[in-house]
Amino acid sequence: MTDEERRLREEIIAMCLRFEASGLNQGTSGNVSARFEGRMIVTPSATPYAAMTAESLASTALEGPPAWQGPLPPSSEWRIHRDILRARPEIGAVAHLHPTYATAFAMCRMAIPAAHYMVAAFGGDDVRCADYAVFGGEALSQAALRALEGRTACLLANHGVIVLGETLAKAEWRAVELETLARQTWAAMQIGTPAVLSAAQMAEVRARFAGYGLRED
């Protein structure tokens, strides 16, 4: 293992620990992957984040049938990670999480609407909810890919969320932003019916975001 790969693996683990500490993930749920030199590095199955080491993460080539390297089996959701990284060459990291508020929308099979302009950070006029499919299967991977067309996040019906990033840091930023939006939208729904921005208004927001790298100034 090169120093560069070890640093990436340690960064994955550190991000997973931050997700757990912040409540974006709990226990052994969720998983994170990153692209490295034509390979995918992904967190192992059913392993507490605090017990992970750089050596315990699994890896395989992105092309061809999986030939896993590592002492532990990969996450049960490895197909989603591999298929996204194959289909989206601009993406360097994928996070699958079970945050409370965004997952509540997924349990209701509801998209997160553009009631706040920061929905534009995910590439569209809402955050779509993918069709339901059982965890760990090809059908779920395909449903996620459809919901992610032109987007950098989606909900998984009755399950959780998928967040993409050009880097691990960008994936983490989007994960935090997505749960913030879900919590704000839920709170607004307790008051009344949130006012949703129009397609034209969202297009204007995305145009302004282009100069900010999809971050608020």
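The first residue in the sequence is number 1, and the count goes up from there.
- Within the structure, salt bridge (charged side-chain N to carboxylate O under 4.0 Å, His left out) contacts touching residues 73-87 (residues at least two apart or in different chains) do not occur.
- Under the 4.5 Å side-chain criterion, counting only non-hydrogen atoms from C-beta, L164 is in contact with I162.
- Counting only distance, with no hydrogens or angles, the side chain of T185 and the backbone of L181 share a donor-acceptor pair below 3.5 Å.
- Looking at every heavy atom in both residues, P194 comes nearest to G192 through CD-O, 3.5 Å.
- A distance-only check finds a donor-acceptor pair linking the side chain of Q201 to the backbone of S198 [under 3.5 Å].
- Once rounded to the nearest 0.5 Å, the distance linking CG of N158 with CZ of F135 reads 13.5 Å.
- For H96, the ring pair (Phe, Tyr, Trp, His ring centres under 6.0 Å) partners at least two apart in sequence or on another chain are H98, H159.
- Here the side chain of R35 pairs a donor or acceptor atom with the backbone of L85 at under 3.5 angstrom.
- Atom-to-atom distance recorded for L140:CG and D131:CG is 10.0 Å, nearest 0.5 angstrom.
- Hydrophobic clustering places V163 together with L24 (ILVMFWY residues linked when any side-chain heavy atoms are closer than 4.5 Å, directly or through intermediates).
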Which atom pairs, donor and acceptor, lie under 3.5 Å between side-chain atoms of residues 57-64 and protein residues at least two apart or in another chain?
unit_1, atom_1, unit_2, atom_2, d
S59, OG, R39, NH2, 3.3
T60, OG1, A67, N, 2.9
T60, OG1, A67, O, 3.4

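- In the hydrophobic clustering of this structure, I91 does not group with V176; members are Ile, Leu, Val, Met, Phe, Trp, Tyr whose side-chain heavy atoms approach within less than 4.5 Å, directly or through other members.
- Taking the side chain as every heavy atom from C-beta outward, Q26 and E20 never approach each other to under 4.5 Å.
- Every pair passing salt bridge (charged side-chain N to carboxylate O under 4.0 Å, His left out) that includes a residue from residues 40-56 is listed here, sequence neighbours excluded: R6-E55.
- Residue M15 holds its CE atom at 9.5 Å from OG1 of T43, rounded to the nearest 0.5 Å.
- In summary, D125 and R151 do not engage in a salt bridge, as defined by a charged side-chain N under 4.0 Å from a carboxylate O.
- In terms of heavy-atom proximity, N31 sits nearest to H81 at OD1-NE2, 2.7 Å.
- A 4.5 Å side-chain heavy-atom check between R7 and D3 finds at least one atom pair inside the cut-off.
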Discussion item. Apply side-chain contact (heavy atoms from CB on, under 4.5 Å) to residues L168 and L8 and explain how you reach the verdict.
Written reply: CA-CA 9 Å; L168 282 166; L8 180 62; 3.6 Å; yes
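- Linking ILVMFWY residues whenever their side-chain heavy atoms come closer than 4.5 Å, directly or via other members, places M189 and V127 in the same cluster.
- The closest donor-acceptor contact from the side chain of T47 to the backbone of S45 lies under 3.5 Å.
- In this structure, I80 is a member of the same hydrophobic cluster as L145, with clusters built from ILVMFWY side-chain heavy atoms closer than 4.5 Å.
- Nearest heavy-atom pair across F209 and A121 is CE2-N, 3.7 Å.
- Formation of a donor-acceptor pair under 3.5 Å by the S75 side chain with backbone atoms of P44 is not found in this model.
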Item to complete: Evaluate the criterion salt bridge (Lys or Arg N to Asp or Glu O under 4.0 Å) for residue pair E166 and R174; output intermediate values, then yes/no.
Response: CA-CA 11 Å; E166 296 79 2; R174 289 192 177 113; 3.1 Å; yes
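- Looking at every heavy atom in both residues, E179 comes nearest to A102 through OE1-N, 2.8 Å.
- For the pair P99 and V161, the minimum side-chain heavy-atom distance is below 4.5 Å.
- Proximity of F19 to Y49: side-chain heavy atoms (C-beta onward) are nowhere separated by under 4.5 Å.
- For the residue pair A114 and M202, the shortest heavy atom distance occurs at CB-SD, 3.6 Å.
- With hydrogens and angles disregarded, no donor-acceptor distance shorter than 3.5 Å links the side chain of T103 to the backbone of T100.
- Considering only heavy atoms from C-beta on, T152 stays 4.5 Å or farther from K170 through its side chain.
- Atoms CG and SG, on L148 and C154 in that order, are 4.0 Å from each other to the nearest 0.5 Å.
- Every pair tested for salt bridge (charged side-chain N to carboxylate O under 4.0 Å, His left out) that includes a residue from residues 95-117 fails, sequence neighbours excluded, so the list is empty.
- Electrostatic pairing of R9 and E5 counts as a salt bridge here, judged by a charged N lying under 4.0 Å from a carboxylate O.
- One finds the CG atom of L197 at 10.5 Å from the OH atom of Y117 (value rounded to the nearest 0.5 Å).
- For Y101, the ring pair (Phe, Tyr, Trp, His ring centres under 6.0 Å) test picks out W186, with sequence neighbours left out.
- Interatomic distance, M118 CE to I112 CD1, rounded to the nearest 0.5 Å: 12.5 Å.
- For S29 (side chain) and N25 (main-chain N/O), no donor-acceptor pair under 3.5 Å exists by modelled atom type.
- Contact of the P73 side chain with the W68 side chain is not registered, since no non-hydrogen atoms from C-beta on lie closer than 4.5 Å.
- Two residues are said to be in side-chain contact when any heavy atoms from C-beta on lie closer than 4.5 Å; V32 and V42 fail this criterion.
- Heavy atoms only, all atoms of each residue included: P89 and A87 are closest at CD-O, 3.3 Å.
- In this structure, M40 is not a member of the same hydrophobic cluster as I12, with clusters built from ILVMFWY side-chain heavy atoms closer than 4.5 Å.
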